[in-house]
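Working notes for the structure below.
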Amino acid sequence: MTALRQRKGSRGKEPPLGAESQSQQANCDWSWGAIIWTSLGWSVSVGLGLLCCIYMATLHENDLWFSNIKEVEREISFRTECGLYYSYYKQMLQAPSIQEGLSDLIHDNLTESKRTINLLQRMNIYQEVFLSVLYRLLPIQSYLEPVYFYIYTVFSLQAVYVIALYLTAWLLSGSWLAGTLTGVWYILNRVDTTRVEFTISLRENWSLPFLALQVTTITCYLRPQLTALQQKVVVWLMYVTTFCFCLTWQFNQFILLVQALIIYTMDCADFLTTTQVTTMYLVQVCSLLSVWLLQFCNSMILGSLVLSFIVAALVIRHCQSGLKTGSTLARLAKLLLHSAMVLLLTFTINYLTKKALQLRSDEHIFKFIKSKLALGPTRDFDASLYLCEEAFGLLPLDTLERLAGTLLLYPYVLTLLLLSSMLAAAALQNLRWVLLGRGGEGRAATFRPDVAYNLLHTLFYGLLACSTMRMKYIWTGHMCAVAAYGVCGKELWTLLLNTLRCNSKLRLVRHAVPLLVIGCLYYRFWPKLMEELSELREFFDPDTVELMTWISTKTSKTAVFAGSMQLLAGIKLCTGRVLTNHPHYEDKDLRERTKQVYQVYARQSPEEVHGILRAIGADYVVLENSICYERRHSRGCRLRDLLDLANGHIMDGPGENHPDLVPASHPRFCEAIKTEETETIPAAYGALFTRTFQNKTFHVYRIKKKRKKSTKSSTEPSVTQ
């Protein structure tokens, strides 16, 4: 490939691909035409961002009729963990003052019964704190409800996300038409690029826009011909965006670990200078440590693999000064030894750190990874909860079909293949560079480091998305930018047109092709978008509304509720009652407690269940028919099956069972406590539990403080439907 040919007899390194044109542009005074053209590009980016924001907000409104439903229905629409996070925003606004609200979060005794926890340490909820303070300070209370301030902020971050992807494509290709194509593709592939319209409070909806901004700053940082002042500004922006990303998502360490591996790969292939590698590593470390301080020295951050990996990589790199010297084979052998030493030191540091800190908060994630790779036990309850969810399975093939339907997949795959072959050739050329007597920092390859980073970014996160479907939202947005770079990038078209000997048509092709693609997408999908926006639906969940209303009006404000993690998050938001467990799963004791609470869906005696619930201070337990008689998952993945396996019991229904499983000595609690023939519950259960509420979906039982000899049902009125 001519783009990778080495200059013979040259003592310096050849400018990276595209650097000459960038240098010429930087040295030329800006003309009025360039200023107008650039201003137009920025205006288009803002317009696309606002379009995406309005589009998501409209879909949310049309799907729920959010503006017309009752407050309790609005709060119920924050499903599962989304309701838990939003409840802290609501709690801060209801506090008498900001100081008292912060104190209640730091000394919280409502989220987990019989425990006082620091929510700012345990959870990533600084965004809720920030928004609640901002809402109090701004003069908007009279015309903007708190819930709208919250959801509009999240939708506005989608605009930031699109603008960040737009800028990345613009920086890579040199044309803002690539950014336009990126924004269009992101919006058209909404199903696969975001789920913000129905999971507003989810942590990824807060963090991924900042990750996209961070990728933009990295792309800018790796561009050639930056002045010293520009580099300092970009590094600070890189730190701010990385810090915001880490602060808003508890899984930041795993995303940054993949990014650290990308930096390490580029370092080994000699695409980065020592200064660039060290700077990018230190930005990650400083960001994580800043979050560690804000989260009251959260030990999960210090025990993260990414910190251990960065320390190991820097230490081994410093000790092996001759890594990039010698023949090609010798250098490859050194790289293999170097990588083995880095991995060994990483796991050693991580193991010792976790032992010293007695850290077990994230072990369920590693159990999940081991089970997914068939390296660990598959009966583990926590790992099975993840493995049995579709979101944590392999990426479905219909995802690729949808991406192909919007013309995104084809240019993406073609760009990936061309760039990967060029990158591999450049890496091999870099390894042979030492044979000509060049030092380790001299790079023979003419492959731009910013393009190399984005290529490895999409490859690494693409593999992650293929292995775990939930991670696709990290990949698909950046996928739009890479595909747009392939369509609009000068280098790829130069390579193709040189092969066809039509190099004089470069400028025409670079502008005509993206305009043609945008026109085609407009013709095919604009009517579908208009049809989608015209569909009007309404929130409808009367059983849950009835349950929340009953809890709010018929139970004590200090009552403690036990049940499924998902439902309890809604109870916390809608009623403010005390919970026994919740969906934020990054705590060893909470995971153990959740497993104990879920014994209400296992084959356990009423005495055993009563003892468990009383031990954690529960006053009421909520049983859900959708869990007790679950049909959504196949046999072996239903919650009751996971509990049976964990307890060593044979599972329900026809099918194979492990030979070491035994029949349970008791019926399933959630079934046995209910009777269809009469309105009373069996005597053995009635002595310990009193049914106080029921409808088609939920059954609520009050847990008696001590067992009574009388088998008469409680005189407390029940609600039946």
Side-chain angles (χ1 to χ4, degrees), residues 56 59-60 63 77-86 123-124 154 158 161 189-208 211 248-255 257-258 362 364-374 376 378 380-403 460-479 564-570 581-586 591 594 598 624 626-627 630-642:
M56 299 301 173
L59 288 176
H60 177 259
D63 190 51
S77 71
F78 288 89
R79 300 288 185 179
T80 65
E81 61 186 291
C82 297
L84 182 68
Y85 298 132
Y86 181 76
M123 303 183 189
N124 297 69
V154 179
Q158 284 297 299
Y161 198 175
N189 290 281
R190 168 188 61 82
V191 174
D192 297 301
T193 54
T194 182
R195 47 181 176 167
V196 66
E197 74 274 14
F198 60 90
T199 58
I200 293 177
S201 305
L202 211 60
R203 301 298 84 179
E204 68 188 45
N205 294 328
W206 289 91
S207 62
L208 291 186
L211 179 64
T248 51
W249 199 10
Q250 69 268 30
F251 295 135
N252 55 64
Q253 55 166 303
F254 302 101
I255 308 305
L257 176 62
V258 177
D362 57 355
H364 65 299
I365 299 173
F366 293 102
K367 287 180 181 178
F368 161 72
I369 295 173
K370 289 179 182 178
S371 299
K372 197 173 182 67
L373 299 175
T378 55
D380 182 81
F381 179 76
D382 297 324
S384 298
L385 278 179
Y386 287 100
L387 290 169
C388 286
E389 288 297 327
E390 183 183 2
F392 293 94
L394 299 177
L395 187 72
L397 291 178
D398 61 353
T399 302
L400 300 180
E401 293 175 1
R402 287 192 298 270
L403 296 174
F460 279 54
Y461 287 107
L463 291 174
L464 183 63
C466 290
S467 66
T468 307
M469 188 185 74
R470 185 175 178 180
M471 296 294 111
K472 73 175 180 179
Y473 300 104
I474 304 174
W475 173 55
T476 47
H478 188 260
M479 181 184 185
S564 69
M565 296 183 290
Q566 297 81 358
L567 178 64
L568 290 184
N581 52 300
H582 54 81
H584 196 274
Y585 220 46
E586 280 64 56
R591 291 195 295 272
T594 299
Y598 279 0
E624 301 170 63
S626 59
I627 298 178
E630 181 184 1
R631 293 183 178 87
R632 184 170 66 95
H633 292 103
S634 60
R635 185 177 186 270
C637 269
R638 300 169 298 190
L639 179 60
R640 62 180 186 268
D641 296 334
L642 301 182

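Residue numbers start at 1 and run along the sequence shown. Keep in mind that the numbers below use all heavy atoms, side chains included, and drop hydrogens, waters and symmetry copies.
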- Message: Between L464 and F254, is the side-chain contact (heavy atoms from CB on, under 4.5 Å) condition met? List the steps.
- Response: CA-CA 11 Å; L464 183 63; F254 302 101; over 6 Å; no
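- For the atom pair OH (Y86) and OG (S201), the distance works out to 8.0 Å, reported to the nearest 0.5 Å.
- Taking the six-membered ring for Trp and thresholds of 30 and 60 degrees, Y85 and H584 have ring planes more than 60 degrees apart, a perpendicular arrangement.
- The two atoms that bring S384 and L642 nearest to each other are CB-CD2, 3.6 Å, heavy atoms only.
- In this model, no donor atom of one side chain and acceptor atom of the other lie less than 3.5 Å apart for Y598 and N581.
- A pairwise comparison of heavy atoms in Y386 and F392 identifies O-CB, 3.2 Å as the closest pair.
- Between the CG atom in L400 and the CG atom in L395 there is a gap of 5.5 Å [rounded to 0.5 Å].
- Remark: side-chain polar atoms of R402 are not paired, donor with acceptor, to backbone N or O of N189 under 3.5 angstrom.
- For C388 against G636, the heavy-atom pair with the smallest separation is SG-O, 4.1 Å.
- Side-chain contact between N124 and W249: absent, with no pair of heavy atoms (C-beta onward) separated by less than 4.5 Å.
- Closest non-hydrogen pair, V154 versus V196, comes out as CG1-CG2, 3.6 Å.
- For the atom pair R195 CZ and M56 CE, the distance stands at 13.5 Å (nearest 0.5 Å).
- In this structure, E204 pairs ionically with R470, as a charged nitrogen and a carboxylate oxygen lie closer than 4.0 Å.
- Considering only residues two or more places apart in sequence or on other chains, R190 meets the salt bridge (Lys or Arg N to Asp or Glu O under 4.0 Å) condition with E197, E532.
- Shown here is E389, whose CD atom has more than 12 heavy atoms of other residues, nucleotides or ligands within 6.0 Å.
- Residues T194 and Y473 share a closest heavy-atom pair of N-CD2, 3.5 Å.
- When all heavy atoms of G477 and Y161 are compared, the pair lying nearest together is CA-OH, 4.3 Å.
- Take D641 and apply the salt bridge (Lys or Arg N to Asp or Glu O under 4.0 Å) test, not counting sequence neighbours, and it matches R638.
- Residues M123 and H582 have side chains in contact (heavy-atom distance under 4.5 Å, counting atoms from C-beta outward).
- Side-chain atoms of H633 and L639, non-hydrogen and from C-beta on, never get closer than 4.5 Å to each other.
- For the pair I474/L208, a side-chain contact is recorded, criterion being any heavy-atom separation below 4.5 Å from C-beta on.
- Distance alone, capped at 3.5 Å, is enough to place a donor-acceptor pair between the Y461 side chain and the I255 backbone.
- If you take NZ on K472 and CG on L403, they are separated by 8.0 Å, rounding to the nearest 0.5 Å.
- Under a 3.5 Å cut-off, the side chain of N205 and the backbone N or O of T199 do form a donor-acceptor pair.
- The CH2 atom of W475 sits 12.0 Å away from the OG1 atom of T193 when rounded to the nearest 0.5 Å.
- Note: R640 CZ to E630 CD = 7.0 Å, rounded to the nearest 0.5 Å.
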